[in-house]
Amino acid sequence: MSYNDEVARLLFEFADRLEATGVEYKPTAYRRAAENVAEYPEPIEQLAATGEDAVEEIDRVGDAIASKIVEYVETGEISELEDLRESLPVDMDALTSVEGVGPKTVGTLYEELGITDLDELEAAAEAGEIQEITGFGAKTEQNILDNIPFARQSQQRERLGDARPVADAVTDYLAAHDDVNRVDVAGSIRRWKDTVGDIDVLVASDESETVVDAFTDWPDADDVIEAGSHKSSVRADNVRIDLRVVVPGEFGAALQYFTGSKDHNVTLRNVAIDQGYKLNEYGLFDVSEIDDSDGDDADADADAAGEADSQRVGVRLAGETETAMYDELGLDWIPPELREDTGEIEAAADGALPTLVETDDIRGDCHTHSEWSDGRHSIAEMVAAAADRGYDYHCVTDHASGPGIIESIGLTDDDLREQMATVEEAREDAAIDVFHGVETNIDADGSLSTDDDLLAELDLVVASPHSALDQDTEPATERLCRAAEHPAVDIIGHPTGRMINSREGLSVDLTALAETAAEHGTALEVNANPMRLDLHGEAVRAVVEAGGTVAINTDAHGPADFEHVRYGVRTARRGWAEAADVLNTNSSDELAAFLH
Ligand code: DGT
Ligand code: CA
Ligand code: CA
Ligand code: ZN
């Protein structure tokens, strides 16, 4: 975790704890400051060394917050935060991960019932104690009880967007080591799953102990969980990282094995067995000439050299590269995103794998915000940033006012008409095409927040659900289908409204939605914000199979958010999407044609 992130995290915690004790307004100020600290481009410890005044240069950081930052840099703690922790000794992160439980509720639950963690919360809810508290009722209590399992699970898995930068950092670090021959991630992070249990890292080297030492010495590692001669685990930024070191000649086999998924590996192993081969983490072997083949069951944790040797039997067909592992089995190399045992092995055998969409195929973003709503930059700045990225066009889609949108943020129909002139100005100075749209809201019944005539005038319309996100499947599906059928709607934005690890979102009949959207020429969004990844991969598959279109958008609130596009692309790849399935791989002219 960068130092700035670490400081930001403490400020967020400070805000939560203030709010829990009933303080108003101040928490919001701390959160704003925390966001800016996290985004600040230079290491904050350098500013702190110059003094409080320098720290106050950061937007929205005043003297009270600046002095706490300096205190932290100098002493390693913030005494006021320590006091707050002592007076409210609760696991704030775990408790607030329960949907509907905010810091304020945590404060009340502690005061009234002494609840400090998820187990105690569950016990109190089961015993009916929570509904006895003033301001709480049986319904609230039941909601809490219903949401605890999801919260527990989300405590155990990291969002891809949090883990991936850590994985990039550790692989960069290892790649620079002299004794490291090759390094790659494996496991769910290589498959770009939306959440990961841990980060699996694989290194090819003949000097495993030196590499393990370098790994446990990684400056960003917060603690070492275990260290052996070929394996080690550390924790960094709250994620566990598992390292395995293998000899270069077996790197491809290990990479294939530890990438998984488990289901993919089981089916692949059967393909090998059918051909008289043996497949394991050490290689692919022809065992047809061996009478006494006892190698029918490869043990995942064969760490002892003797046991490993017993797995290296027969004639080695492949092991150094992953491509050769698949090739020797008569299969095309399968992109990791597809390795979920949902037909990819059959497709690889038939030479029928899709040519998956790539980040370089994306030619513009169709869902972005500016300072007109809750973005942080002017329209002209966003357009310039899009042009700098090499995009061919940029779409301005600020929030319309309506259900789920804070009044000060949303644009009324009049605001949107007024915005037209500003977009026109930006267009005149722009090196790329600018489309003027809106992100309007889909109400619980499927109606839209913005006037139909205005929607028809705009270049494009993103319609998204921002309220009533706990609807049942039937009304939720009807709601989104009705929006997809609206003649002015081009894209359904973040269709389920889920927030990974914090809100499940609408449980939609995705096949029905995909078919309706395909029929009406409406694209369904893959929102690339790593908090969302909505639609998820399986849903994208439904869209592709229905012959529909997805749009991979970052929902950028500032230029830095454009970087999230890779998460959207990877998610779309998990749904087997090719460039032709993606709206914004089109040229400006083709996009304009789709929008009409
Ligand atoms: P995660 O970490 O829960 O997000 O998911 P994975 O897929 O990264 O799972 P992990 O870290 O437990 O193991 C990494 C890979 O190693 C997994 O995808 C497949 C492989 N693997 C692990 N254990 C077994 C096993 O018992 N049998 C087989 N065939 N493969 C295994
Ligand atoms: Ca893993
Ligand atoms: Ca693992
Ligand atoms: Zn939205």
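Just so it is clear, the model here is predicted, and its values are computed rather than measured. Whatever order the structure lists ligands and atoms in, that order sets their numbers, starting from 1.
Atoms of ligand 1 lying under 4.0 Å from at least one heavy atom of G187, given by number and element, are 8 (O). The distance from ligand 1 to the heavy atoms of F258 drops below 4.0 Å at these ligand atoms: 14 (C), 15 (C), 16 (O). Numbered from 1 in the order shown, with element, the atoms of ligand 1 that lie under 4.0 Å from a heavy atom of V196 read 4 (O). Heavy-atom contacts of D200 reach the following atoms of ligand 1: 8 (O), 11 (O), 14 (C) (cutoff under 4.0 Å). Each of the atoms 18 (O) of ligand 1 lies under 4.0 Å from some heavy atom of T259. In summary, the atoms of ligand 1 found under 4.0 Å from a heavy atom of R157, numbered by their order in the structure, are 1 (P), 3 (O), 4 (O). Within ligand 1, the atoms closer than 4.0 Å to a non-hydrogen atom of N265 are 19 (C), 29 (N), 30 (N), numbered from 1 in the order shown.
Proximity of K193 to ligand 1, defined as any heavy-atom pair under 4.0 Å, is not found for any part of the residue.
Between M382 and F562 the shortest side-chain heavy-atom distance falls below 4.5 Å. Annotation: side chain of P487 is not in contact with side chain of H520 (no heavy-atom distance under 4.5 Å).
The NE2 atom of H494, the Zn ion (ligand 4) and the OE2 atom of E439 define an angle of 100° (nearest 10 degrees).
In summary, D414 and R417 do not engage in a salt bridge, as defined by a charged side-chain N under 4.0 Å from a carboxylate O. Between D168 and R164, at least one side-chain nitrogen of the basic residue sits less than 4.0 Å from a carboxylate oxygen of the acidic one, meeting the salt-bridge criterion. Salt-bridge formation is not detected for the pair E344/R191: no Lys NZ or Arg NE/NH1/NH2 atom is positioned less than 4.0 Å from an Asp or Glu carboxylate oxygen. Ion pairing between R574 and E340 holds under the 4.0 Å rule for side-chain N and carboxylate O.
Within the 4.0 Å heavy-atom cutoff, R269 does not count among the residues contacting ligand 1.
The one candidate from V245, D242, I241 that meets the side-chain contact (heavy atoms from CB on, under 4.5 Å) condition with V201 is I241. Screening R240, R244, E226 for a side-chain hydrogen bond (donor to acceptor under 3.5 Å, both in side chains) involving S233 leaves a single residue, R240. None of H367, R532, H494 except one satisfies the side-chain hydrogen bond (donor to acceptor under 3.5 Å, both in side chains) rule with E525; the exception is H367.
Under the 3.5 Å distance criterion, with hydrogens and angles disregarded, a donor-acceptor pair is assigned to the side chains of N265 and Q256.
Scanning S188, S261, G197, G260 for the heavy atom closest to atom 6 (P) of ligand 1 points to S188.
Of all the N, O or S atoms in D198, the one closest to the Ca ion (ligand 2) is OD1.
Among the backbone and side-chain atoms of H466, an N/O/S atom is found under 2.8 Å from the Zn ion (ligand 4). In summary, D200 places an N/O/S atom under 3.0 Å from the Ca ion (ligand 2), meeting the contact criterion.
For R191, a nitrogen or oxygen atom sits less than 3.5 Å from a nitrogen or oxygen atom of ligand 1, counting backbone and side chain alike.
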